[in-house]
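Lettering follows sequence order; numbering is per chain, from 1.
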Amino acid sequence: MTMDMVIGEARERLLAKAKKEGLATVGYDVLGSPLGPLWVAIGPKGVTTIHYGDEPSDSELRRLVRVYGPGVVPDPRRSSALARELEEYFNGTRREFDVDVDLSGLTPFQTKILTATAKIPFGAVSTYGAVAKRAGNAKASRAAGGALNQNPIPIVVPCHRVVGSNGSLVGYAGGLDVKRRLLAIEGADVARRH
Amino acid sequence: VTDALTFGQILERHERELFTYALRLSGQRADAEDLYQDTFLAAFRAWPPPRRGNERAWLYKIATNRAIDRERRARRIVANVDDLAIAAPERDDVTLADLAGAIETLPAGQRAAFVLRKVQGLAYAEVAVALECTEEAARARVSEALKKVKAAVA
């Protein structure tokens, strides 16, 4: 019996009790992926966060705490459906995600931009201007870029499908290389040009 | 290190150390698990940690108080050396036998002083926070405890 095993068991019992008392509201895990580790979190209404890397940013955590309190705890079981869907997506066997997404705690503008982005189909791309227009403000393409850069649920809310009006990739919170790879998985035309 | 924002952060930063402390105080894995659980549930309920940057000493204080409370109600405690070996002291000047001796001979408060300083390696300022006493009193308690332990295992 190693210390890790002993603590692992103790932690599981602790978190079960915390959950029963309503002290644990959001469960997180770190998933492996072809793009490297992904820190993911699931709240009462669905997926709240997919973060490139094995630790979330402070601003991500602050959003979760603002909406759901400090009860953000490790809970691999809670993210098993998301883990499965992501794996299928990366394998090329899934085109759409079925998990619920939870955009609580974002500004109304961010929510509109991300909701518009969520409607761009697999394999297609749109532009910052078009997304801004769909969100109700055609002139806000630069602000749309900012909102997409802060997308708390990349991949599932496919901000990688938004590119510049000249077809350039422009930017991506996970890095342009990741954006290129996601578009390549989807066979998007733009991927072949970059 | 920034202050913990979530229960998950405080767990990941401190649970290993606090579990080890619980085992070194109670001498039994099952009791250590209960103490670990009590400590973190109490911390979650009392959230947030009271002072910036001092969450570690705060957790030690909660654990120490809980351990003392539990022992007021419990039988005389016996160290299980197999359990304890999982958390064997990592310092040259304290052996597993010293720790087992401390568990079986010292009252809870004094044992906490010994383990905090001599096994966990906390600074006296942190020991004082955990024991809710002055640094001077913490030093006195540790030195008294150490004498008793050395006498017990001699």
Side-chain angles (χ1 to χ4, degrees), chain A residues 1-31 37 39-44 48-49 51 53-79 105 152, chain B residues 1-50 55 58-59 62-63 66 80-90 96 119-120:
Chain A
M1 202 41 101
T2 67
M3 186 55 102
D4 284 340
M5 289 159 73
V6 172
I7 293 178
E9 287 176 22
R11 180 198 268 192
E12 210 160 301
R13 278 193 282 271
L14 163 68
L15 292 178
K17 209 157 179 188
K19 215 186 263 181
K20 231 184 207 167
E21 278 190 41
L23 290 165
T25 49
V26 175
Y28 67 82
D29 193 16
V30 178
L31 307 178
W39 190 91
V40 304
I42 318 290
T48 60
T49 317
H51 182 89
D54 54 12
E55 265 187 62
S57 65
D58 265 15
S59 66
E60 283 290 0
L61 281 184
R62 282 181 208 286
R63 169 185 162 241
L64 291 179
V65 171
R66 209 166 53 237
V67 179
Y68 293 115
V72 180
V73 299
D75 189 353
R77 255 180 299 223
R78 204 144 163 198
S79 55
Chain B
V1 183
T2 54
D3 291 344
L5 298 170
T6 66
F7 298 168
Q9 278 182 317
I10 208 166
L11 261 184
E12 291 192 7
R13 289 179 189 175
H14 304 292
E15 75 177 334
R16 189 180 184 85
E17 181 175 0
L18 267 292
F19 188 93
T20 308
Y21 178 55
L23 184 47
R24 288 166 174 168
L25 267 190
S26 63
Q28 305 261 351
R29 187 182 153 192
D31 290 344
E33 277 196 21
D34 288 348
L35 181 54
Y36 156 92
Q37 192 176 93
D38 282 359
T39 300
F40 279 100
L41 283 175
F44 296 167
R45 292 185 198 116
W47 198 263
E55 62 195 35
W58 176 62
L59 289 171
I62 296 172
R66 298 259 150 181
N80 177 325
V81 179
D82 287 341
D83 284 358
L84 207 52
I86 305 174
E90 289 139 21
L96 192 57
V119 191
Q120 301 299 104

Step-by-step side-chain contact (heavy atoms from CB on, under 4.5 Å) determination, R29(B) to E9(A): CA-CA 11 Å; R29(B) 187 182 153 192; E9(A) 287 176 22; 2.9 Å; yes
Using side-chain contact (heavy atoms from CB on, under 4.5 Å), reason through L64(A) and T6(B) one step at a time and then give a plain yes or no. CA-CA 9 Å; L64(A) 291 179; T6(B) 66; over 6 Å; no
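The shortest non-hydrogen separation linking P74(A) to G8(B) is CD-CA, 3.9 Å. The minimum heavy-atom distance linking L5(B) with P70(A) is given by the pair O-CB, 3.7 Å. Considering all non-hydrogen atoms of both residues, V73(A) and F7(B) come closest at CG1-CB, 3.9 Å.
No side-chain heavy atom of V6(A) sits less than 4.5 Å from a side-chain heavy atom of L23(B).
Interatomic distance, CG of D38(B) versus CG of L14(A), reported as 10.0 Å (0.5 Å rounding). Between atom CZ of residue R16(B) and atom CD1 of residue I7(A) there is a gap of 5.0 Å, rounded to the nearest 0.5 Å. Taken to the nearest 0.5 Å, the CD1 atom of I86(B) stands 9.5 Å off from the CE atom of M5(A). Put simply, CZ on R13(A) and OH on Y36(B) are 10.0 Å apart, with the number rounded to the nearest 0.5 Å. Atom CD of Q9(B) is separated from atom CG of L61(A) by 5.0 Å, given to the nearest 0.5 angstrom. Rounding to the nearest 0.5 Å places CZ of F19(B) at 11.5 Å from CG of D4(A).
Only the side chain of V65(A) comes within less than 4.5 Å of a heavy atom of chain B; its backbone N, CA, C and O stay farther away. Proximity to chain A is absent for every atom of A4(B), based on heavy atoms less than 4.5 angstrom apart. Heavy-atom distances place no part of D75(A) under 4.5 Å from chain B, backbone and side chain included.
More than 12 heavy-atom neighbours from other residues, nucleotides or ligands sit within 6.0 angstrom of CD on E21(A).
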